[in-house]
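Heads up, the thing below is written out as structure tokens.
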Amino acid sequence: MSHTSQTISPSLPAASPAPSRLLARKALKHRGFMVGFSILLFVGLTALFAPLIAPYDPYKQDLLARLAPPVFLGGDWKHLLGTDALGRDYLSRLIYGARVSLLIGFTAALISAVIGTTLGVLGGYFGGKVDAVVMFIVSVRLALPATLVALAVVALFGGSLTVVVSVLGMLLWDRFAVVLRSATMQVRQMDYIAAAEVLGASLPRILFKDVLPNVMNQLIVVVTLEMAHAIILEAALSFLGLGVQPPTPSWGLMISEGKEMLLFESWLITIPGIALFILVFSINMLGDGIRDVTAPEGRN
Amino acid sequence: MTHAATPVLSIRNLTIDLPKGGDRPHAVSNLSLDIHENEILCIVGESGSGKSITSFAAMGLLPKVLKPSAGEILFEGRDVLKLSEAEHAGLRGSRMGMIFQEPMSALNPCYTVGNQIEEVFEAHAQMSKTERRARTMELLKEVRLPDPERLYHAYPHQLSGGQRQRIVIAIALAMGPRLLIADEPTTALDVTTQAQILDMFKALKESRKAGILFVTHDFDVVAELADRVLVMQKGVVVEQGTAEQVLNSPSHPYTRMLIDAVPKRHGIKGNPDTSAPIALRVAGIEKTYSTARTMFKPARKVHAVKPTDFTVLEGQTLGIVGESGSGKTTLVRCLMGLVEPDEGSVWIGNSRLETTTAAGRREFRKHIQIVFQDPYGSLNPRRKIGDLLVEGPVNFGVPRKEAMEKARALLKIVRLEEDALDRYPAQFSGGQRQRISIARALMVEPKILIADEAVSALDVSVQKDVLKLLDDIRKAVGLTVIFITHDLRVAAEISDHILVMSKGEVVEYGTVDDVFGNPQHSYTRQLLAAMPGRGWEAPDMAALGPADAAR
């Protein structure tokens, strides 16, 4: 038959773009992802350029201008969001506080990602005894109440930024371990792992080139969840006076310092509270968005 | 043929739109067909031809993104497309029955088989409990299930694939439907089970006087079953006629191409050269799996591969044939060192393969390579084709640049363009991916290539290309090929020798013509007898008149 020549050299389909381009296109269409991403980007840029944006030094006290109300409650434009009990500009403190929240959220999530991913991938890939050990460690961690342990450690070692970040990082890895373990178990079954093995790839090579890239989606989603979690925990610790210590501007600390004024100057609490809510909300939106965008069928 | 006055199902000029951005505007365009009582109409086509969409449309089960934009589907005088969801549900299961490809996912694992059949009676009829049970028993007998009493209380996971498919058929038959729609109902089954199910369809046609719409990609099944045939390509009906007409004197070039791609039933290579040196010798390979005793179950031992010996001569192709559970996959995994055999040894030429140490396994992987079955699962979706191809040589110490050059050359051999190197697997079709897998295996210049069901996931026309490619490469570089398959036709087409496995044991070994022409073992005979469409041999296309390209 003469048709063989035509079917045997099929040209590549012109209309299928690279997976990364497809992903970007899907992400741009996803409303939740875009909203979350934009807010996070905004907060991130604000934190990064805080010294340029902030109208005042966040530490500078001005006792003559104590408790000035924000503009929308009848204050003047000199202090957009008013001042706190020591006369420090609230907007500046809010802007600098974003640095603390993001730094803690990001670093703590990073530390726990490293710990949890290592454990989860190893357990999922090898199974058997390795997996039993990993699951035991996860169970031990789950038996510890995170907030209590964090409180105890901070109380013992003092509340510096480093201590808070490391404690949170070492307490929040359980979800990474559990999620990545099951994701790895699935990937482990795929023929491409067997193919890599057959092609003589070493174990680290298989883990880094074949397993890790294929569980990356799940990893990123958990990172966003835990980042939000860490930010909330830091705020809680600071509120209890055991997190970041004054005078460092932290949103949790600002809420804590405002609590005595709750009945008379409630905006002292609501402003950092709303900021915290928006940040955590946007991170969660972003996480959900990433999950949807990277889902194989594009489920919405 | 004598037709009843009105057809059971009549589709008129049906057009179903694809969502924007698809590869074509319509999933199905301008399709018309009639199914009469007591008739089996087969819709044949390759993947993406719109054959399943047509059957879903008739059942009112179209996914929401697909909208019928023109035409009508008349069932018992009513247009199915205009029915409300509730009216539709009333029809489904009572007046029309549907049988799906994968019986395990069509049954609910939480309920017993008896419950699931009785549910149909509960939904569509007023019956007493005893009556429902009696009817269920009758159905179980009608679909020829052994021991209906016991099966009534069984859960789907306790049954075999064939038994599950019978249950699905029983559910479809429960209310005595006038139309049965079966979407590739035997594709997931072994050939002997398939033969039994096909027999049942033939019997049902007579006993139930229903119209049957049977969707398939397999021309053998068509030859076995069909009264009339409808061939679809890219959503368009290209040919329609009686089975006899379409199978033996197809007029459309596409139909001809499809039928021509069906592997021939007899060996085409002639007698193999027996003087070639031995490339691979397997001596007494054996593997058992055992599960430890638990509180609820006694310890169990499964002999996956019983002691097996065979040899493959250099430059030849050995076909290993067997149904699921025959141990062929375990055998391959042993050969590849992915599973450690309990006993026995593998020899390549004069050197014994060391499978116990990692270093030893690494060494012999330069000599044996494999192409896997699933073209979608065997390529890492996150790496570019170029990276995938150089993986092997780079692992064995070849500089990356040199390996890239070789990858370029091999892509040419497997007939892909060079810019494929910078693309990702998702950008290729199944057939193209299988070529990439072949190229990847050949990158380390193995002496022996194992193809584990390497073409069974592909459409027939693509299958033919890949088979030809494999054979060309075998000839060109003197490769020895071990071809694992469940498809006897494919085995016959490509192999020099055939080895038949059953329950972990080699039951027959010989040249293609010996095994197919004069089978010795009862299992081989059973396997051959179960092949569908035995009475039909694809016609010689060159002998037919010129194709009618008018459509």
Side-chain angles (χ1 to χ4, degrees), chain A residues 1-23 25-26 29 128 183 186-220 294-300, chain B residues 21 23 253-254 256-257 260-261 333 336-338 358 361-363 365-366 368-374 376-383 387-388 391-396 415-417 419-420 422-429 431-432 437 440-441 443-444 452 461-462 464-465 468-469 541-542:
Chain A
M1 285 284 290
S2 56
H3 71 262
T4 38
S5 59
Q6 86 179 36
T7 50
I8 238 160
S9 54
S11 55
L12 297 170
S16 67
S20 53
R21 294 262 304 276
L22 267 180
L23 218 58
R25 210 181 291 168
K26 255 163 100 182
K29 268 196 210 153
Q186 273 176 17
V187 170
R188 175 81 179 96
Q189 306 297 323
M190 303 300 290
D191 275 342
Y192 56 80
I193 301 290
E197 214 176 310
V198 164
L199 288 166
S202 62
L203 185 64
R205 200 176 163 87
I206 292 179
L207 290 180
F208 281 104
K209 295 263 178 179
D210 292 309
V211 176
L212 214 48
N214 284 295
V215 296
M216 203 43 97
N217 296 347
Q218 287 95 323
L219 179 62
I220 294 174
T294 55
E297 302 298 321
R299 281 167 281 147
N300 289 318
Chain B
D23 60 339
Y254 180 70
R256 290 190 174 192
M257 193 268 284
D260 200 44
R333 300 227 146 209
M336 293 309 305
L338 289 169
R361 283 198 293 268
R362 225 177 109 87
E363 193 53 37
R365 280 173 181 153
K366 286 183 201 161
I368 301 191
Q369 276 300 324
I370 185 166
V371 178
F372 291 96
Q373 167 173 10
D374 177 10
Y376 294 89
S378 57
L379 300 175
N380 182 347
R382 299 281 166 146
R383 298 182 72 185
D387 291 331
L388 289 169
E391 176 79 19
V394 166
N395 285 335
F396 291 120
R415 298 174 198 129
L416 285 175
E417 281 155 34
D419 62 354
D422 291 321
R423 294 175 173 228
Y424 287 91
Q427 294 168 282
F428 295 90
S429 68
Q432 289 170 331
S437 291
R440 175 174 65 177
M443 283 293 288
V444 295
D452 185 5
S461 59
V462 183
K464 187 183 179 186
D465 289 345
K468 185 164 183 308
L469 175 74
M541 293 303 154

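A note on names: the letters A, B, ... follow the listed sequences, proteins ahead of strands, and every chain is numbered from 1.
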Where on B:R333 is there a heavy atom nearer than 4.5 Å to chain A: the side chain, the backbone, both, or neither? side chain
The single option from B:I368, B:V444, B:L338 passing side-chain contact (heavy atoms from CB on, under 4.5 Å) against A:V198: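 Looking at B:I368, B:V444, B:L338, the match for A:V198 under the side-chain contact (heavy atoms from CB on, under 4.5 Å) is B:L338.
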Under 4.0 Å between a Lys/Arg side-chain N and an Asp/Glu carboxylate O for A:K209 and B:E391?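 No, this pair does not count.
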B:P381 versus A:N214: any side-chain heavy-atom pair under 4.5 Å?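 Result yes, sub-4.5 Å side-chain heavy-atom pair found.
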With side chains defined as the heavy atoms from C-beta onward, is the minimum distance between B:R382 and A:D210 less than 4.5 Å?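 No, side chains not in contact.
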Straight-line distance of B:L379 CG to A:M190 CE, nearest 0.5 Å: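 Those atoms lie 10.0 Å apart.
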Would you give the length of the straight line joining atom OH of B:Y376 to atom CG of A:D191, rounded to the nearest 0.5 angstrom?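 The CG atom of A:D191 is 14.0 Å from OH of B:Y376, to the nearest 0.5 Å.
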Would you find a donor on one side and an acceptor on the other, under 3.5 Å apart, between the side chain of B:R440 and the backbone of A:A195? no
Can any side-chain N or O of B:N380 pair as donor or acceptor with the backbone N or O of A:Y192 at less than 3.5 Å?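 Judged by distance alone, no pair lies under 3.5 Å.
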Based on non-hydrogen pairs under 4.5 Å, which of B:G377, B:A261, B:P393 is most in contact with chain A? B:G377
Options B:R365, B:Q373, B:M336, ranked by heavy-atom pairs under 4.5 Å with chain A, top entry: B:R365
